[in-house]
Amino acid sequence: MGNNIRNIAIIAHVDHGKTTLVDQMLKQTGVFRANQQIMERVLDSNDQERERGITIIAKNISINYKGVKINIIDTPGHADFGGEVERVLKMADGVLLLVDAYEGPMPQTRFVLRKALGYHLRPLVVINKIDRTDSQPEKALDEIFDLFVELNASDEQLDFPVIYASAKNGIAKLSLQDDSNDITPLLDAILKYVPEPKGDLTALLQVLVASLDYNDFVGRIGIGRIFSGTLRANQQVMWITREGEHKLARINEVYTFHGMGRESVSEAVAGDIVAFTGIEDVDIGDTISSAENPQQLSSISIDEPTLSMVFSVNDSPFSGQDGRYVTSRNLRERLYRELRSNVALRVEDTASPDALRVSGRGLLHLSVLIENMRREGYELQVSKPKVIYKDINGKKAEPVEYVVIDVPDEYSGQVISMIGSRRGDMISMESDKGHTHFEFKVPSRGLIGLRNRLLSATRGEAVMYHNFYDYEPFKGFIPHRIQGVLVSMATGEATTYAIDALKDRGVMFIEPGVKVYEGMIAGEHCEENDIAVNICKSRKATNVRSSTADKGIKLQPPRILSLEMALEYIEDDELVEVTPKTFRLRKKALKEKERRRITHEEGEYAQVSGAE
């Protein structure tokens, strides 16, 4: 059994060429017609995936090579989508680790590889981009071996085969000296080294649900691997939940993966990866077993969320101007619908009926959800991200991230100082060709707002990657944002005259002509305190001065924040207002008088309680 099936997951860091390699595997095995018009990076089907150049949603495809069906599982490269990674690795027997020949293994590679080795998957290493003039495949291979040792790989896993490739040119080779004009050496290596799936066709049915999809016509779709037996359409089965509850159910339709899509089949056998419909409340980690003698498979553990934010109804003066979905009912329905397929997400009610606490694996995980909602026509407000603490052996513990930073040598001192003030511990530091490579362990809360300040301090030349490492004992106080903000005291349009008059007070976030309201944040103050400013003030027109004189004013360009940067930037008393057309930073209390009252009350409470 299994001679004609191989199941392999692909692991790679962002921009190391994973999706381009899969493109070539699809093209060179005849999945596409000779005259078919196809776009590049076909696996990045989601708009945000194509824009960001990252894989967000795990996907299944299959190719046929030499009569063998190869199920390829595309895994997200970022730890924030670890909920996707852990599930899909359960369906694989081998893992293809793709590494850039110049950059070597990177943080996200480490995260997913640790999971794969923990599942005892057989690794194949592909060193990609050997066509680069600055490629260093031998150095990359040494770093990969060191990484395997560091992650406690077994002796068998350390004896991994190596394939050298140029996904861009569609070639792979077993040695750098070999001649090659296609990727067949890689496909041959998959057949040779990835073990056949274990399972007995004649045994009782056992399917482990490892992923979910949703369709408005058929409802929830379970995706998983058949570990034994045969799954048939219209079959009565025993559905065993993660908690061990047994329920009789019926499978409606069964699909297997074929090329980029799914095809309906009457039955699928052990070793294959399938999708099925008919069980509306099926969840990750559930077992689909035979009704006669049900046996539960070991469930899937998914890492808990590390970051939470409060999503609330937009109550700004501009609410309802852009969005189609603006009520608390709309917000609640959308977030609970997301739970159908986004299993790493948590949604909880709060004391307010207009607000929900949403917890995820990291800032990117949550910001992708916010961006999707914005594009769908939702208006909402979100609060400052907060880390989720745990109690471990009676002590307070917090999530810690593994951080890699590359900067020009002249900025290395600023990096060390910045990370040190955020309770970070340096693991290693290497200098090469004018650049310094740092590796740190930093508390997750210390990373909130770090990227903005790092880019400012290094004139945009810093490159930073990070992913979840572990929970460690609480590290102590970390300073907040140093600068205050410029808060609009009026509602109207920002004017060139007002912005020019405020140029010595700080950096603007908006341009002339942008509509603002009282309490909206217009820029960053150069000092620690917040100040209210009239950003709508215009020059008075007289017979001496013309109102067109504004045209001669030269302004500094504003600091344009991305959604992630805005979420990192805000403090506890601030919100990000998100609409389909834009997003704005604002104070929770829009009136200056109200903000002063809150500050005064907090100061009195601190004196009475002795709080910092």
Side-chain angles (χ1 to χ4, degrees), residues 312-326 370-371 373-375 377-383 452 481 483-527 529-567 569-571 573-596:
S312 57
V313 173
N314 183 15
D315 62 0
S316 85
F318 292 169
S319 64
Q321 293 184 6
D322 297 343
R324 293 167 54 203
Y325 308 109
V326 297
I370 295 167
E371 180 65 22
M373 293 175 66
R374 185 181 77 81
R375 295 181 185 201
Y378 286 83
E379 281 194 19
L380 65 152
Q381 294 175 159
V382 291
S383 69
N452 293 343
R481 186 181 73 206
Q483 281 81 18
V485 289
L486 306 174
V487 186
S488 174
M489 63 166 59
T491 299
E493 284 191 6
T495 65
T496 303
Y497 176 73
I499 292 176
D500 182 60
L502 293 167
K503 63 186 177 185
D504 294 332
R505 293 296 187 98
V507 180
M508 287 295 162
F509 296 156
I510 59 173
E511 298 174 325
V514 171
K515 291 183 178 180
V516 298
Y517 54 79
E518 183 179 3
M520 179 174 152
I521 296 171
E524 180 179 272
H525 192 202
C526 57
E527 297 181 12
N529 60 310
D530 299 341
I531 60 169
V533 297
N534 186 356
I535 202 74
C536 305
K537 186 176 181 180
S538 58
R539 183 194 296 269
K540 286 187 170 59
T542 68
N543 61 347
V544 177
R545 295 187 183 90
S546 167
S547 61
T548 59
D550 283 0
K551 294 179 180 178
I553 298 174
K554 291 185 178 180
L555 299 176
Q556 290 290 328
R559 182 191 297 171
I560 304 298
L561 301 179
S562 66
L563 179 59
E564 282 94 349
M565 291 167 73
L567 294 173
Y569 185 83
I570 58 173
E571 286 295 343
D573 64 335
E574 297 163 358
L575 298 168
V576 177
E577 173 193 356
V578 182
T579 76
K581 293 183 180 178
T582 187
F583 57 88
R584 309 177 183 96
L585 279 65
R586 54 160 285 186
K587 288 290 184 179
K588 286 183 179 178
L590 298 178
K591 302 286 185 183
E592 185 181 6
K593 187 176 180 181
E594 178 71 8
R595 294 197 296 274
R596 286 181 177 175

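Atom set for the values below is all heavy atoms of this structure, side chains included, hydrogens, waters and symmetry mates excluded. In this text, all values refer to a predicted model and were calculated from it rather than measured experimentally.
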Selection residues 483-502 - residue pairs positive for salt bridge (charged side-chain N to carboxylate O under 4.0 Å, His left out), sequence neighbours left out: Asp500-Lys503
For Glu379, is there any backbone N or O sitting under 3.5 Å from a side-chain donor or acceptor partner on Thr579? no
Residues Ile499 and Met508: closest non-hydrogen pair is CG2-CG, 3.8 Å
NE2 of His525 to CD of Gln483, rounded to nearest 0.5 Å, is 10.0 Å
side-chain contact (heavy atoms from CB on, under 4.5 Å) between Val576 and Ile370: does it pass, once the steps are laid out? CA-CA 11 Å; Val576 177; Ile370 295 167; over 6 Å; no
Which atom pair, heavy atoms only, marks the closest approach of Ile531 to Arg505? CD1-NH1, 3.1 Å
Just verifying a value: how many Å separate Leu561 CG and Ile521 CD1, rounded to the nearest 0.5 Å? 10.0 Å
Looking at CD of Glu524 and CG of Leu585, how far apart are the two atoms once the value is rounded to the nearest 0.5 Å? 11.0 Å
Using the side-chain contact (heavy atoms from CB on, under 4.5 Å) definition, which of the options Asn534, Val516, Val533 pairs with Met489? Asn534
In Å and rounded to the nearest 0.5 Å, what is the CZ to CD distance from Phe318 to Glu577? 8.0 Å
Return yes when atom CZ of Arg595 has more than 12 non-hydrogen atoms of other residues, nucleotides or ligands closer than 6.0 Å, and no otherwise. yes
Which heavy-atom pair separates Ala566 from Phe583 by the least distance, and what is that distance? CB-CE1, 3.8 Å
Pairwise distance CZ(Arg586) to CD(Gln381) - rounded to 0.5 angstrom: 4.5 Å
Using only atom types and a distance under 3.5 Å, with no angle test, would you say the side chain of Gln556 pairs donor to acceptor with the backbone of Val507? no
Considering non-hydrogen atoms only, spot the tightest contact between Ile535 and Ser488 and give its length. CG2-OG, 3.8 Å
Contact between Glu592 and Val487 at the side-chain level, heavy atoms closer than 4.5 Å - yes or no? no
Lys588 atom NZ, over 12 foreign heavy atoms within 6.0 Å: yes
Tell me, do Ser319 and Val326 make a side-chain contact under 4.5 Å, heavy atoms counted? no
Between Tyr497 and Ser538, what is the shortest heavy-atom contact and its length? CD2-C, 3.6 Å
Nearest heavy-atom neighbours spanning Glu574 and Ile570: OE1-CA, 3.3 Å
To the nearest 0.5 Å, what is the distance between CG (Leu380) and CE (Met373)? 5.0 Å
Are any of the side-chain heavy atoms of Ser383 and Leu575 separated by less than 4.5 Å? yes
Any side-chain heavy-atom pair from Thr491 and Pro317 closer than 4.5 angstrom? no
Thinking salt bridges, do Arg374 and Asp322 make one under a 4.0 Å N-O criterion? no
Report yes or no: does Asp530 contribute a side-chain atom to a donor-acceptor pair with the main-chain N or O of Val485 at less than 3.5 Å? yes
